[in-house]
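Worksheet for the structure shown next.
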Amino acid sequence: MNELLEKVRRELREASDEKTRQSGLRYFKEEVNLYGIKSKTVKEIAKQNYSLVKSRSKEEILGMCDSLWESGMMEESFVACSWTENLVQAFNPEDFILLEKWVHRNVNNWASCDTLCNHTVGDFIQKYPKYLAELKRWARCENRWAKRASAVSLIIPARRGKFLDDIFEIAGVLLLDSDDMVQKGYGWMLKVASHSHEEEVFGFVMKHKAIMPRTAFRYAIEKMPAGLRAKAMEKQS
């Protein structure tokens, strides 16, 4: 296991570029640790090395992913996310403990948050919907990334028209949050939900538009028809 992880890290280091790293550092408001690698290259490294680990047990693969997360390097978290996406069918309810640990302890930027939650956590929730209750608990905690995760974990389910009542419940909990990363997260969730439930999401936005932060509001209505957007924007300062 250690040899394979060192191989992955060596390939990431060799693919790194200082210009790309500096560009990445400027892209994030929060402090992040980067090798400096284009996302396409990270995906290639993850895919190539997964072919070497896929025959191993789920527990061993998750152990390697945990080590990648613990490094604190963004690109290593992307490799871990790529690998866990392939394990969805093998997930058991008890695996949520590890997913939750990554969200609360290891995620420290929006890119790692979204890469983990859009697919791995979102797929887990679709397989085990009872864990929607845990997402709602995340929405009420103080960790900004856990709050964002509670929303962005439902992006793919929302795209499929699922869990609308739960989406509204989480958006309601996050409604007045002052953190722009949280606002963008739940606004994005509402925007995607509007593809299948336009009338319901429009109704939610209109009900709360007087108090909804501008960032979340604009995200939520972004893909609605021009007429609805205009109506929503009336008297919106």
Side-chain angles (χ1 to χ4, degrees), residues 1-92 95-125 143-146 148-149 151-153 155-156 159 180-181 184-185 188:
M1 183 172 80
N2 290 336
E3 290 180 1
L4 181 55
L5 287 176
E6 181 50 40
K7 177 179 181 294
V8 170
R9 288 167 172 149
R10 182 175 64 252
E11 290 176 6
L12 291 172
R13 288 193 298 269
E14 290 173 351
S16 66
D17 172 78
E18 183 60 21
K19 182 178 179 181
T20 302
R21 193 179 81 87
Q22 290 299 326
S23 176
L25 291 174
R26 290 192 296 271
Y27 192 63
F28 292 88
K29 294 180 181 179
E30 59 274 5
E31 183 178 342
V32 293
N33 293 316
L34 299 168
Y35 286 105
I37 312 170
K38 295 188 181 301
S39 59
K40 180 181 178 181
T41 302
V42 177
K43 290 177 181 178
E44 290 172 352
I45 291 171
K47 182 178 180 180
Q48 290 166 4
N49 283 282
Y50 188 73
S51 67
L52 303 177
V53 303
K54 64 182 181 180
S55 63
R56 304 192 184 194
S57 69
K58 179 190 69 176
E59 289 71 25
E60 190 171 2
I61 296 172
L62 289 177
M64 287 188 279
C65 290
D66 193 40
S67 179
L68 290 166
W69 274 106
E70 287 290 335
S71 74
M73 299 300 292
M74 184 184 295
E75 292 92 342
E76 291 192 30
S77 78
F78 293 164
V79 173
C81 291
S82 175
W83 289 4
T84 54
E85 284 177 35
N86 294 303
L87 295 175
V88 172
Q89 295 307 313
F91 277 145
N92 295 318
D95 293 320
F96 187 80
I97 295 172
L98 187 56
L99 300 181
E100 184 168 51
K101 176 212 167 191
W102 293 339
V103 167
H104 285 263
R105 174 173 163 174
N106 300 115
V107 168
N108 59 15
N109 63 84
W110 63 261
S112 293
C113 180
D114 296 358
T115 304
L116 172 64
C117 294
N118 282 178
H119 297 284
T120 300
V121 179
D123 289 343
F124 182 94
I125 293 298
N143 183 321
R144 71 186 305 207
W145 302 118
R148 182 179 173 95
V152 301
S153 293
I155 295 298
I156 302 302
R159 190 171 294 158
D180 69 325
M181 287 288 99
K184 290 175 182 178
W188 180 20

Quick one, L62 and L87 - any side-chain contact, counting heavy atoms below 4.5 Å? yes
Mind checking the CG-NZ spacing from N86 to K58? Nearest 0.5 Å is all I need. 14.0 Å
Within this structure, what is the NZ-CD1 distance for the pair K43 and I37, rounded to the nearest 0.5 Å? 13.5 Å
Minimum heavy-atom separation for S67 and L5, please, with both atom names. OG-CD1, 3.5 Å
Quick one: CG on N106 to CG on L116, what's the gap to the nearest 0.5 Å? 9.5 Å
Is a salt bridge present between E75 and R13, judged by a nitrogen-to-oxygen distance below 4.0 Å? no
Counting distance only, does the side-chain N/O of S77 pair as donor-acceptor with the main-chain N or O of M74 below 3.5 Å? yes
Does K101 pair with E70 as a salt bridge, N-O distance under 4.0 Å? yes
Show, in sequence, the C-alpha distance, side-chain angles and deciding distance for F78 and L68, and conclude whether the side-chain contact (heavy atoms from CB on, under 4.5 Å) test is met. CA-CA 9 Å; F78 293 164; L68 290 166; over 6 Å; no
All heavy atoms of S153 vs all of V121, minimum pair found to be OG-CG1, 3.3 Å
Could you check whether any side-chain heavy atom of R148 comes within less than 4.5 Å of a side-chain heavy atom of V107, counting everything from C-beta outward? no
d(E30 CD, W145 CH2) to nearest 0.5 Å is 4.0 Å
How long is the straight-line distance from CD1 of I97 back to CG of N92, given to the nearest 0.5 Å? 11.5 Å
Contact between C117 and F124 at the side-chain level, heavy atoms closer than 4.5 Å - yes or no? no
Check A15 against I45 and note the closest heavy-atom contact, atom names and distance. CB-CD1, 4.2 Å
Check against side-chain contact (heavy atoms from CB on, under 4.5 Å), N118 and W188: CA-CA 11 Å; N118 282 178; W188 180 20; 3.3 Å; yes
Basic-acidic side-chain contact under 4.0 Å: K7, E3: no
Check W83 against A46 and note the closest heavy-atom contact, atom names and distance. NE1-O, 3.0 Å
side-chain hydrogen bond (donor to acceptor under 3.5 Å, both in side chains) partners of residues 32-42, not counting sequence neighbours, each pair once: Y35-E76
Check the pair V152 / C113 against side-chain contact (heavy atoms from CB on, under 4.5 Å), numbers first and verdict last. CA-CA 8 Å; V152 301; C113 180; 4.2 Å; yes
Heavy-atom check, side chain of M73 versus side chain of R9, under 4.5 Å: no
Under the side-chain contact (heavy atoms from CB on, under 4.5 Å) rule, what do L4 and M64 come out as? Steps first, then yes or no, please. CA-CA 9 Å; L4 181 55; M64 287 188 279; 3.9 Å; yes
Does anything in residues 18-27 form a side-chain hydrogen bond (donor to acceptor under 3.5 Å, both in side chains)? List the pairs, not counting sequence neighbours. D17-T20, E18-R21, E18-Q22
Any heavy-atom pair between the side chains of V88 and T120 that's under 4.5 Å? no
Restricting to ring-ring contact (aromatic ring centres under 6.0 Å, His included), what partner residues turn up for F28, sequence neighbours left out? W110
C81 versus T115, closest heavy-atom pair with distance: CB-CG2, 3.6 Å
Donor + acceptor pair across side chains of D66, W102 (<3.5 Å): yes
